[in-house]
Structure formats: C-alpha cells, structure tokens
Participant: 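Sharing a structure, written as structure tokens. Questions coming.
Nothing here was measured: the structure is a model prediction, and the numbers come from that model.
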Amino acid sequence: MTRPAEPSLHDVLEAYAATDVDVWLPTPTRVAGRAARRDLPTRFVVITGWNPGSRVTDEATNRQANADLAAVLLAMGATVLPARGTATDGGWSEDSFAIPLDDGRPSLHTLLAVGRAFGQHAVYVIGNDHLDIVACAGGPSHRLPRIR
C-alpha cells in the first residue's frame, strides 16, 4: 500500500489562511478570520495535535494527540486555553489550544519545537492587527490580515 502524498506547502498555507480561529476567553471569541474581534487582550500562539502532517486522522487518534499536547504544554507551565480552527467553508475543524505569549513563557521558539514534535506544519501567531502563519520547521512565515 502506498502512502498518500504529503500536501504541498502552498496547499497547507492556503488551508491555514482560510481558517476561522476561535479561542475561549472565557467564552468563544473569534480571534482570526471572518468577523474576528478587533481588540484582543493578548497575543497568542494557536497550536493543535490534530492531523499530523496534514493527513486526515480518525477522531480518537486526534483527541489523544491533543490530550498529549495539552499535557506537554501544561508541564512547561503554559497557560492553555481551548481553541478551534474551522475552515471558512465549514468543511473541517480542529480542536486546538491558544497559548498567551505576553509573559514569554513558553517562548515562540519552544512552541515551534512542540509543533514539530506533534507533526504540525505551522502554528498561528495572532496579535492585535495581524495573523502570522509560522512554519514549525523554520523557513518562511506568512503575515495576513487577522480579520477578513
């Protein structure tokens, strides 16, 4: 049996860019995408354990990966807020976590390493006026308007 081809970086970035991101602050708040809240209380990294390598994985495996990710983040002393990324067309969604960056702990560099360890291509870095898609393995980041 052959493995499906890994998606191109271009395809991955398009999917990331066409995602609405909600964070529970403490109630669901759209922080990126369509009709996002304009005044954020903090800067976040949004990361998930779902669908490593951008390959669709069954829900039980995804939930376990996210539970493992949460345990790693909490062990680092991170503040971990529930989040969800949803395709703007509603075709998919992924449970995620938002990690505030305001206190610098853990650092963006550390969170990128965690993303790599969990098979993620990139994370979101969300600030008041922008959304950056930052590759976990290094390389380019892509800045987009936070609100579409």
Participant: How far apart are the closest heavy atoms of L111 and I47, and which atoms are they?
Facilitator: O-CD1, 3.7 Å

Participant: So which atom in L112 and which in A135 form the shortest heavy-atom distance, rounded to 0.1 Å?
Facilitator: CD2-O, 3.9 Å

Participant: Which atoms form the tightest heavy-atom contact between A83 and A98, and what is the distance?
Facilitator: CB-N, 4.0 Å

Participant: Give the other cluster members for W50, using side-chain heavy-atom distances under 4.5 Å between Ile, Leu, Val, Met, Phe, Trp and Tyr residues; answer none if it is isolated.
Facilitator: none

Participant: If you look at every heavy atom in R84 and S93, which pair is closest and at what distance?
Facilitator: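 So the minimum-distance heavy-atom pair works out to NH1-OG, 3.5 Å.
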
Participant: If I take atom OG from residue S107 and atom CD1 from residue I99, how far apart are they, to the nearest 0.5 angstrom?
Facilitator: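 It comes to 12.0 Å.
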
Participant: Quick one: list whatever passes side-chain contact (heavy atoms from CB on, under 4.5 Å) with A87, sequence neighbours left out.
Facilitator: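 Here the qualifying residues are D89, W92.
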
Participant: According to a hydrophobic-cluster definition based on side-chain heavy atoms being under 4.5 Å apart (Ile, Leu, Val, Met, Phe, Trp, Tyr only), do V23 and F97 belong together?
Facilitator: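 Different hydrophobic clusters.
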
Participant: Answer yes when D20 and R34 have at least one side-chain N-carboxylate O distance shorter than 4.0 Å, and no when they do not.
Facilitator: yes

Participant: Between F118 and N66, is a side chain to side chain contact (heavy atoms under 4.5 Å, CB included) present by the stated rule, with each step listed?
Facilitator: CA-CA 9 Å; F118 279 83; N66 247 20; over 6 Å; no

Participant: Does a sphere of radius 6.0 Å around CZ in R43 hold more than 12 heavy atoms from other residues, nucleotides or ligands, not counting ones at 6.0 Å or beyond?
Facilitator: no

Participant: Please report the closest heavy-atom contact between M76 and R105, naming both atoms and the distance.
Facilitator: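 For M76 versus R105, the nearest heavy atoms are O-NH2, 3.6 Å.
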
Participant: Check the hydrophobic clustering (I, L, V, M, F, W, Y; side-chain heavy atoms under 4.5 Å; chains of links allowed) and say if L40 and V45 are grouped together.
Facilitator: no

Participant: If you take all heavy atoms of A65 and G49, which pair is closest and at what distance?
Facilitator: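 Minimum heavy-atom separation between A65 and G49: CB-O, 3.5 Å.
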
Participant: Using atom types as modelled and distance alone, determine if a side-chain donor or acceptor of N62 lies under 3.5 Å from a backbone N or O of N51.
Facilitator: yes

Participant: Starting at CG of D22, measure out to OG1 of T86 and round the result to the nearest 0.5 Å.
Facilitator: 6.0 Å

Participant: Following the transitive rule for hydrophobic clusters with a side-chain heavy-atom cut-off under 4.5 Å over Ile, Leu, Val, Met, Phe, Trp and Tyr, establish whether V134 and L69 coincide in one cluster.
Facilitator: yes

Participant: If Ile, Leu, Val, Met, Phe, Trp and Tyr residues are connected whenever their side-chain heavy atoms lie under 4.5 Å apart, and connections chain through other members, are L74 and W24 in the same group?
Facilitator: no

Participant: Could you give all pairs that pass the salt bridge (Lys or Arg N to Asp or Glu O under 4.0 Å) test and reach residues 56-67, with sequence neighbours left out?
Facilitator: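 Residue pairs passing salt bridge (Lys or Arg N to Asp or Glu O under 4.0 Å), neighbours aside: E59-R63, R63-D95.
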
Participant: Hey, any chance L81 and L101 share a hydrophobic cluster, counting ILVMFWY side chains that come within less than 4.5 Å of each other, even indirectly?
Facilitator: no

Participant: Atom OG1 in T48, atom CD in E94: separation rounded to 0.5 Å?
Facilitator: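 Spacing of OG1 (T48) from CD (E94) equals 5.0 Å.
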
Participant: Distance from D132 atom CG to L144 atom CG, nearest 0.5 Å?
Facilitator: 8.0 Å

